Amino acid sequence: MEEQGFFYRDTWAEVDLDRIKANVKAIREHLPEDVEFIAVVKANAYGHGDSQTAEAALEAGASMLAVAFMDEALALRKKGISAPILVLGASRAEDVNIAAEEGIILTVFQEEWLAKACDVLSKDASISLHIKIDTGMGRIGIRSADELKSIEKLIKEDSRLELHGIYTHFATADEMDDTYFKRQLSKFKDMLTTLDKQPPVVHSSNSAAALMHADARFNAVRVGIAMYGLAPSMEIAPELPVELQEAFSLHSRLVHVKKLEKGEKVSYGATYEAAEDIWVGTLPIGYADGWIRRLQGQEVLVDGKRSPIIGRICMDQCMVKLPYEVRAGEIATLIGEQGEETISINEIANKLETINYEVPCIISSRVPRLYKQDGKVVELNNSLL
Ligand SMILES: Cc1ncc(COP(=O)(O)O)c(C=O)c1O
């Protein structure tokens, strides 16, 4: 296998960059041509790898990136990404000069924040800003027209500041009932009318709204989950107008295969007892990799067959019941396709009673990421070495 020699433990994640590009293109095709695509690559691109995803998205038609914190934006700059980057979360006003130096766009979410940032900003520096309106998410953002007006005035009067954008974020865009969504959209439109002049970039839509609500696109959309090939919710999954392909898969290899006799036990607590003679394989992946203990009982694919995890998941290893004797060294697919079978991220999310967003995010940085393009490994990122 191509990946050998780059890391020394037989567990890795694969990120299919072609699928990320195909998803970006499919979403772009669904949008009017003049709507900008802001690729949301926060949280290490939802666990997929920040710079690799950013590059793929930019190549496929994204024109801007968005992250949660300044550290994430700086990490992208360090990796040579020169595209515009918007920090969606609250940055410290004291750090405004670093953002200015690196050409990072910050979010203005409070008048006091802006006043403090202006005090701190060097005389000869300049910075681009997006104003965040809180229309009902209750997280960060400006809540009144008066505050918005004061902020617009402050920005206009200070030549170091450029008002590049304004945005809001929906709380329920991934639900079929659009009552609350419409209320938020209407509040955002009202707030826009109080501005003397609209900035060049106006945006409100996450993946769900970008795909389901043509009336909320303005001139840019912020797309995260759909770019990774995942539906924003199970409720709207059947209604999505584009076909998405999951880009993230997770693999390991059987490092030890043995026969257990009826009555023999497996793992901590000795809670699993073989009801008959069985073949058991050990995988070098455990809860420290994000393959958490609640995944006990989840199936993995070995030789194209579903094989359940038996006994408690350990920190670095877990055991699976094999369908028959399988050679040590065989690949076990924990997420992804093998033969006719697929284990989707949604299947894992269901097992964990959570949302698909969480699954690639929790696969820890200890798991090396292999990047594939045109069916070949083009890059490997092992955070340990
Ligand atoms: C402010 C903001 N915009 C856009 C997104 C992207 O959302 P999604 O991944 O649902 O497309 C997020 C993600 O949580 C966000 O917090």
Side-chain angles (χ1 to χ4, degrees), residues 19-42 45-46 53-68 73 76 81-88 104-105 107 128-133 135-137 141 162-175 178 181-182 184-193 195 197-233 236-237 239-245 247:
R19 290 190 179 180
I20 291 180
K21 285 187 210 167
N23 292 332
V24 172
K25 282 184 186 153
I27 299 162
R28 269 222 63 93
E29 272 165 27
H30 181 72
L31 301 170
E33 227 171 287
D34 57 350
V35 171
E36 267 195 73
F37 190 109
I38 304 174
V40 180
V41 294
K42 63 193 172 121
Y46 297 30
T53 302
E55 277 167 11
L58 291 165
E59 209 183 301
S63 52
M64 198 168 153
L65 305 168
V67 294
L76 284 167
I81 304 289
S82 59
I85 306 175
L86 167 65
V87 175
L88 298 165
I104 292 165
I105 305 166
T107 289
S128 289
L129 301 167
H130 281 214
I131 299 174
K132 172 78 183 283
I133 308 293
T135 53
M137 180 71 184
E162 182 215 9
L163 182 56
H164 182 254
I166 185 163
Y167 70 105
T168 192
H169 189 55
F170 296 116
T172 62
D174 61 348
E175 295 174 13
D178 62 2
F181 170 86
K182 278 188 173 149
Q184 281 196 265
L185 181 59
S186 144
K187 178 152 189 210
F188 186 53
K189 285 180 175 167
D190 285 350
M191 291 289 262
L192 290 178
T193 62
L195 289 171
K197 190 175 168 226
Q198 276 191 18
V201 188
V202 180
H203 49 114
S204 68
S205 291
N206 54 4
S207 296
L211 292 170
M212 305 291 286
H213 294 281
D215 53 344
R217 287 188 194 127
F218 300 95
N219 56 17
V221 292
R222 303 183 304 273
V223 177
I225 200 75
M227 175 170 69
Y228 305 105
L230 296 164
S233 72
I236 63 163
E239 313 294 328
L240 291 180
V242 295
E243 202 152 310
L244 301 169
Q245 306 174 58

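Nothing here was measured: the structure is a model prediction, and the numbers come from that model. Note: hydrogens, waters and symmetry copies are ignored here, and every other heavy atom, side chains too, is used. Residue numbers start at 1 and run along the sequence shown.
For residues 57-66, the salt bridge (Lys or Arg N to Asp or Glu O under 4.0 Å) pairs, not counting sequence neighbours, are K21-E59. Residue pairs that meet the salt bridge (Lys or Arg N to Asp or Glu O under 4.0 Å) test with at least one member in residues 218-230, sequence neighbours left out, do not exist here.
Judged as a side-chain contact (heavy atoms from CB on, under 4.5 Å), and not counting sequence neighbours, the contacts of A83 are L58, L65, I81. Here R19 pairs with D16, E337 under the salt bridge (charged side-chain N to carboxylate O under 4.0 Å, His left out) rule; sequence neighbours left out. In this structure, the ring pair (Phe, Tyr, Trp, His ring centres under 6.0 Å) partners of F188, at least two apart in sequence or on a different chain, are F218. Partners of K182 under the salt bridge (charged side-chain N to carboxylate O under 4.0 Å, His left out) rule, at least two apart in sequence or in another chain, are D178.
At least one side-chain heavy atom of K132 sits under 4.5 Å from a side-chain heavy atom of H169. Proximity of M227 to V41: side-chain heavy atoms (C-beta onward) are separated by under 4.5 Å at one or more points. The shortest side-chain heavy-atom distance between N23 and Q245 falls under the 4.5 Å cut-off. Within the 4.5 Å cutoff, the side chain of D34 has no heavy atoms near those of the N219 side chain.
Remark: side-chain polar atoms of Y167 are paired, donor with acceptor, to backbone N or O of L88 under 3.5 angstrom. At distances below 3.5 Å, not a single donor-acceptor pair connects side-chain atoms of S207 with backbone N or O atoms of V223.
Taken to the nearest 0.5 Å, the NZ atom of K189 stands 5.5 Å off from the CG atom of D215.
Of all heavy-atom pairs between G224 and Y46, the closest is CA-OH, 3.6 Å. The two residues A68 and K42 come nearest to each other via the heavy atoms N-CB, 3.4 Å.
Counting non-hydrogen atoms of neighbouring residues, nucleotides and ligands closer than 6.0 angstrom, the CD atom of E239 exceeds 12 such neighbours.
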